[in-house]
Protein chains: 2
Amino acid sequence: MSDSGTAVRNTRQRSAVSALLAEVEGFHSAQDLHAMLRDRGERVGLTTVYRTLQGLADAGEIDVMRPPGGEHLYRRCSEGHHHHLVCRACGRTVEVAGPTVETWADKVAAQHGFTNVSHTLEIFGTCPTCTP
Amino acid sequence: MSDSGTAVRNTRQRSAVSALLAEVEGFHSAQDLHAMLRDRGERVGLTTVYRTLQGLADAGEIDVMRPPGGEHLYRRCSEGHHHHLVCRACGRTVEVAGPTVETWADKVAAQHGFTNVSHTLEIFGTCPTCTP
DNA sequence: GCGACAATGACAATGATTGTCAAAAACGCA
DNA sequence: TGCGTTTTTGACAATCATTGTCATTGTCGC
């Protein structure tokens with residue numbers, strides 16, 4: 001389940017998506033990224049964008065967020081595990097690291113005998129700029 | 001935005017959904033709940049189930065979880081704020097309270113000047129029963 | 001009891017995501 | 001380097017939960 005025969009091939013489309021993610025900031029939906037690629041002149045199918053993003057997410061190279069609004073948002077993010085603080089009004093995103101939370105989550109899970117633990121955490125609020 | 005003229009009326013359908021949620025255990029999707037209501041002989045439209053669940057969620061009477069699989073899951077849960085530890089294999093759910101996390105989230109948000117803060121946290125793992 | 005007004009519900013619409021499958025491209029190997 | 005195998009691509013259809021619509025119905029204040 002880790003690196004059996006599945007040889008991942010290096011294609012122009014995959015590179016294009018990776019390159020784009022390396023340049024843009026903030027979260028973007030798959031459709032959003034697809035549109036940007038087309039603006040750049042890169043011809044990549046929407047289906048391929050979805051699949052590439054899924055692959056990158058599986059590989060841990062990008063982060064997926066599911067805001068309570070609808071679409072999945074993808075973002076290339078810094079190494080290691082961290083979480084996001086998102087402004088409800090303007091969408092501004094701050095990356096926050098939370099060793100406290102990591103420890104707590106692992107501890108709680110262990111207390112209940114859970115193994116192979118992962119977790120997701122998003123914090124939503126109104127940022128200073130958007131506060132009246 | 002809190003309790004202006006919007007008078008919430010007490011209807012048979014709303015009671016039915018509430019009553020059902022009070023009896024069933026674990027998380028259920030809207031469609032799931034709708035099917036259960038029909039089995040019970042309660043005639044409630046799917047649209048109404050969705051709207052009622054939304055209302056209850058807004059009022060904080062039920063909890064919404066968005067598992068990485070698709071549908072929203074609703075559950076009547078204990079008072080106060082808490083989170084969930086979910087088994088990837090069997091779906092068993094454990095309610096966990098995390099004062100540590102609440103504090104941490106609020107603190108981090110405050111540090112960045114965010115107000116009106118809320119957060120979502122789910123922990124996924126494999127429960128003891130499902131561990132080989 | 002009556003009237004205003006929110007709630008209901010059948011149905012259509014939306015819209016993101018996934019499935020399909022033939023054609024094209026990439027990589028391993030000789 | 002050339003060839004064959006195998007993955008990948010991409011246009012389109014399909015899926016499916018959720019939301020919008022709007023005429024009708026039921027509630028609640030008075």
Side-chain angles (χ1 to χ4, degrees), chain A residues 1-21 27-59 61-75 91, chain B residues 1-21 27-59 61-75 91:
Chain A
M1 196 172 285
S2 30
D3 61 305
S4 329
T6 329
V8 178
R9 295 186 180 179
N10 206 11
T11 64
R12 176 181 55 80
Q13 291 87 346
R14 197 176 298 254
S15 304
V17 174
S18 267
L20 178 59
L21 282 168
F27 282 92
H28 296 277
S29 69
Q31 319 246 355
D32 204 357
L33 292 166
H34 176 239
M36 287 191 228
L37 283 171
R38 205 171 29 181
D39 283 352
R40 286 178 152 216
E42 301 278 2
R43 306 181 121 263
V44 184
L46 179 57
T47 311
T48 303
V49 173
Y50 271 104
R51 269 190 299 230
T52 304
L53 289 173
Q54 254 173 33
L56 289 172
D58 278 352
E61 293 185 34
I62 60 175
D63 222 27
V64 189
M65 189 175 62
R66 324 170 101 260
E71 321 105 305
H72 297 187
L73 299 181
Y74 302 88
R75 183 193 194 189
Chain B
M1 196 172 285
S2 30
D3 63 304
S4 328
T6 328
V8 178
R9 297 188 176 176
N10 204 11
T11 64
R12 176 180 55 81
Q13 291 86 345
R14 196 176 299 256
S15 305
V17 173
S18 268
L20 178 59
L21 281 168
F27 281 93
H28 295 277
S29 68
Q31 319 246 356
D32 204 358
L33 292 166
H34 176 240
M36 287 191 229
L37 284 171
R38 206 172 30 180
D39 284 352
R40 285 178 153 218
E42 300 278 2
R43 305 181 123 264
V44 183
L46 180 57
T47 310
T48 304
V49 173
Y50 271 103
R51 268 190 300 231
T52 305
L53 288 172
Q54 252 173 34
L56 290 172
D58 278 353
E61 294 186 35
I62 61 174
D63 222 28
V64 189
M65 188 176 63
R66 323 171 100 258
E71 320 105 306
H72 297 187
L73 298 181
Y74 301 89
R75 183 194 194 188

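No hydrogens, no waters, no symmetry mates; every other heavy atom, side chains included, goes into these values.
Summarising the geometry, the separation between OH on B/Y50 and P on D/dC16 is reported as 12 Å, rounded to the nearest angstrom. One interatomic measurement links the two molecules: CG of A/L53 to P of C/dT18, which rounds to 11 Å at whole-angstrom precision. Rounded to whole Å, atom P of C/dA16 lies 12 Å from atom OH of A/Y74. In this structure, B/L33 atom CG and D/dT18 atom C1' are separated by 15 Å, rounded to whole Å. Spacing between atom NE2 of A/H34 and atom P of D/dC12 amounts to 12 Å, rounded to whole angstrom units.
Note on B/Q13: a side-chain N or O is less than 4.0 Å away from OP1 or OP2 of C/dG9. Note on A/H72: every side-chain N or O is 4.0 Å or more away from OP1 and OP2 of C/dA16. For the OP1/OP2 pair of C/dT18 and a distance below 4.0 Å, the side-chain nitrogens and oxygens of A/Q54 include at least one atom meeting the criterion.
Listed in residue order, the members of residues 40-47 of chain B having a heavy atom less than 4.0 Å from DNA chain C are B/R43, B/V44, B/G45, B/T47.
Screening A/D63, A/V64, A/V17 for a side chain to side chain contact (heavy atoms under 4.5 Å, CB included) with A/L56, the sole residue that qualifies is A/V17. Among A/Q31, A/H72, A/H34, the one residue that satisfies the side chain to side chain donor-acceptor pair (under 3.5 Å) test with A/Y50 is A/Q31.
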Evaluation steps, side-chain contact (heavy atoms from CB on, under 4.5 Å), between B/E42 and B/R12: CA-CA 9 Å; B/E42 300 278 2; B/R12 176 180 55 81; 3.8 Å; yes

Steps toward side-chain contact (heavy atoms from CB on, under 4.5 Å) verdict (A/L20, A/R40): CA-CA 9 Å; A/L20 178 59; A/R40 286 178 152 216; 3.7 Å; yes

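Between the base of C/dG19 and the side chain of A/R51 there is no donor-acceptor pair shorter than 3.5 Å. Counting distance only, with no hydrogens placed and no angle test, the side-chain atoms of B/R9 and the base atoms of D/dG29 include no donor-acceptor pair under 3.5 Å.
Note that CD1 of A/I62 and CG of A/L73 are 11.0 Å apart. Values are rounded to the nearest 0.5 Å. Rounding to the nearest 0.5 Å places OH of B/Y74 at 14.5 Å from CD of B/E61.
Each of A/R12 and B/A30 was assigned the nucleotide of DNA chain D with the nearest heavy atom; the assignment lying further toward the 5' end belongs to A/R12.
In this structure, the nucleotide among C/dA16, D/dT9, D/dC28 sitting nearest to the side chain of B/N10 is D/dC28. For B/Q31, the side-chain atoms get nearest to D/dA17 when compared with the rest of D/dA17, C/dT17, D/dG10.
In the displayed structure, A/R43 atom CZ is contacted under 6.0 Å by at most 12 heavy atoms of other residues, nucleotides or ligands.
The residue B/T11 sits close only to the backbone: its heavy atoms come under 4.0 Å of sugar-phosphate atoms, none of a base.
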